Amino acid sequence: MTPVTMPVTAIDLSDLEFWAQPWEVREAAFRTLRAERPIAFFEEPEFDVESFIQIPRGPGYYAITRHADIVEISRHPELYCSGKSGTTIVDMPTEMLEFFGSMINMDDPRHARLRRIVSAAFNPRMVRSIEDTIESVADGVIDRVRDRGECDFVTEVAARLPLKVICDMMGVTERDYDTVFSCSNIILSMGDPEYVAEGEDPVLAFMNAGSTLADMMRDLSMFRVDHPTDDLTSALVHANVDGESLDQQELASFFILLLVAGNETTRNAISHGLWALTEHPDQRAAWKADFEGVAPTAVDEIVRWASPVIFMRRTLTAPATLSGHAFAEGDKVILFYNSANRDEDVFENPYRFDVRRSPNPHVGFGAPGPHFCLGAHLARREITVMFRELFRRLPDIQASAEPDRLRSNFINGIKHLPAAFTPGGAAA
Ligand code: HEM
């Protein structure tokens with residue numbers, strides 16, 4: 001088959017329609033950018049909707065598409081910072097920072113102090129200690145669909161495990177799971193019509209979703225003041241940063257970050273995983289034949305392959321030169337992790353899904369630096385346990401139709417993925 005190609009002049013990463021194109025067309029565009037214009041300037045997207053908050057059109061941005069450049073930028077947070085108007089392409093208006101201004105959009109030392117409040121809960125030892133819980137959640141999820149022989153793999157399986165795990169860690173009760181699910185869909189959907197109806201103001205929908213989660217945090221945190229447990233909300237409520245406790249806005253934005261980051265990304269990795277294993281039966285057979293032996297490389301390959309988070313932004317704090325390009329203070333650079341994960345200078349056969357790939361220096365969880373994904377150990381564990389239980393309990397499960405993809409330049413999302421298996425599966 002002739003590979004799809006795309007001339008550099010035809011590429012506009014700011015056009016949302018670009019992100020609605022088939023994966024192979026997107027891959028072709030990034031291949032061209034890496035080869036011909038690895039630091040490419042784009043005008044910022046224009047918002048043609050009437051919105052209650054006007055988002056002014058910014059000065060444009062540089063798309064960074066090579067692995068080496070992204071790693072170099074991530075190593076120098078003092079030059080390429082996260083704390084100037086956020087990590088999104090457009091500058092976040094102050095109203096939005098109220099809900100979304102947490103540590104992901106901050107720099108050290110405050111970023112490090114905030115991260116320290118919760119980091120112990122995500123270290124490998126703590127994650128190992130909740131392995132049994134993750135397993136029983138995965139089993140419960142499978143039990144609910146097992147006898148039907150078919151399901152929507154995203155909403156009924158992949159989404160359920162990370163949602164319950166992070167809600168439990170935060171102290172959110174089952175009654176609120178659906179609210180968390182729908183709010184995080186809206187927050188990360190970038191206006192996909194399934195989550196924000198045509199004609200509805202996407203910025204307002206985004207703010208309402210943030211405000212709903214903030215209210216949930218307010219109720220929970222007030223209760224935790226007098227009734228502390230070992231959950232993360234108690235840790236946040238009782239934290240002392242620079243001699244002060246977190247105020248209501250800081251609590252809310254921290255809570256939203258953890259809930260949203262903790263469920264959406266892992267859901268997409270698991271969904272992409274099933275799709276990739278369906279499309280590559282040889283790789284599925286190799287993993288099934290030696291599940292525990294292959295799991296560590298298979299899980300990282302799923303994250304590389306899926307690249308659930310497409311980009312993060314940094315902003316120049318001073319003039320700097322990178323790979324011969326001179327940046328000015330204030331320039332925005334967008335780190336396209338999806339592109340770095342296909343960089344032919346780093347990965348042999350980057351378009352091959354290989355469950356035994358090693359080494360695999362992918363940047364699906366970000367590149368090494370202060371913002372490297374806090375939940376990487378947890379996500380790896382969740383993906384491992386989910387596939388272990390699926391292979392054990394529904395051994396012939398596979399996708400039965402094409403994925404229904406999210407229209408987004410930020411999250412490489414799958415909204416629905418029909419799956420089929422023998423009803424009843426294998427005896428547990
Ligand atoms: C496969 C699943 C996941 C992927 C692909 C992923 C991806 C990422 C990426 C790319 C970043 C880097 C942000 C940057 O460069 O600025 C990040 C940061 C972060 N992730 Fe994840 N993530 C995943 C799972 C999780 C989970 C389960 C949690 C649990 C709460 C989580 C919480 C966070 C947090 C809090 C940050 C911000 C860290 C900081 O700014 O210090 N992530 N993630």
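Just so you know, these numbers come straight off a predicted model, no measurement behind them. In listed order, ligands and their atoms are each counted from 1.
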Query raised in the report: For R115 and ligand 1, does the shortest N/O to N/O distance drop below 3.5 Å?
Result: yes
Query raised in the report: Going by atom types alone, do T315 and R313 pair a side-chain donor with an acceptor below 3.5 Å?
Result: yes
Query - Contact list for residues 236-260, test ring pair (Phe, Tyr, Trp, His ring centres under 6.0 Å), sequence neighbours left out - result: none
Requested in this report: Please identify which atoms of ligand 1 are closer than 4.0 Å to at least one heavy atom of G364.
Outcome: 5 (C), 7 (C), 10 (C)
Query raised in the report: What part of N263, side chain, backbone, both or neither, has a heavy atom within less than 4.0 angstrom of ligand 1?
Result: neither
Query raised in the report: Any idea which part of H371 is under 4.0 Å from ligand 1, heavy-atom wise: side chain, backbone, both or neither?
Result: both
Requested in this report: Determine, using heavy atoms of E382 and all atoms of ligand 1, whether some pair is separated by less than 4.0 Å.
Outcome: no
Requested in this report: Could you walk me through whether F42 and Y62 pass the ring pair (Phe, Tyr, Trp, His ring centres under 6.0 Å) test, one step at a time?
Outcome: CA-CA 6 Å; F42 290 95; Y62 292 92; 9.5 Å; no
Query raised in the report: Relative to the heavy atoms of I166, which atoms of ligand 1 are at a distance of less than 4.0 Å?
Result: 30 (C)
Report task. With R392 as the cation and F387 as the aromatic partner, state whether NZ or CZ is under 6.0 Å from the six-membered ring centre and within 45° of the axis. Result -> no
Query - Aromatic centroids of H362 and F347 separated by under 6.0 Å - result: no
Query raised in the report: Does H111 approach ligand 1 within less than 4.0 angstrom via side chain, backbone, both or neither, non-hydrogen atoms only?
Result: side chain
Query raised in the report: How does R314 reach ligand 1, by side chain, by backbone, by both or by neither, if only non-hydrogen atoms under 4.0 Å count?
Result: side chain
**Report entry** Close-contact set for ligand 1 against T266 heavy atoms, below 4.0 Å
**Finding:** 2 (C), 24 (C), 27 (C)
Query raised in the report: Would one find an N or O of T87, backbone or side chain, under 3.5 Å from an N or O of ligand 1?
Result: no
Query - Pair R304 + D300: basic N to acidic O under 4.0 Å - result: no
Report task. Examine Y80 together with H76 and report whether their ring centres are nearer than 6.0 Å. Result -> no
Query raised in the report: Strictly under 6.0 Å, is that where the ring centroids of Y337 and F311 end up?
Result: no
Report summary line: The protein heavy atom nearest to atom 15 (O) of ligand 1 is Y337 OH, 2.6 Å
Query raised in the report: What part of P370, side chain from CB on, backbone N/CA/C/O, both or neither, has a heavy atom under 4.0 Å from ligand 1?
Result: backbone
Query - Min heavy-atom dist S82 to ligand 1 below 4.0 Å - result: no
Report summary line: Excluding water, the protein N, O or S atoms sitting under 2.8 Å from atom 21 (Fe) of ligand 1 are C373 SG
Query raised in the report: Any idea how F391 and W287 line up, ring-wise: parallel (<30°), tilted (30 to 60°), or perpendicular (>60°)?
Result: perpendicular
Query - Proximal candidate to atom 13 (C) of ligand 1 [heavy atom criterion; set R304, M312, H272] - result: M312
Query - Centroid-centroid distance, H280 to W275, less than 6.0 Å - result: no
Query - Enumerated ligand 1 atoms positioned under 4.0 Å from heavy atoms of F122 - result: 29 (C), 30 (C)
**Report entry** Ion pair check, K84 and D107, cut-off under 4.0 Å
**Finding:** no
Requested in this report: Just say parallel, tilted or perpendicular for the rings of F30 and F336, cut-offs at 30° and 60°.
Outcome: tilted
Query raised in the report: Any ion pair linking D108 and R113 (charged N to carboxylate O, less than 4.0 Å)?
Result: no
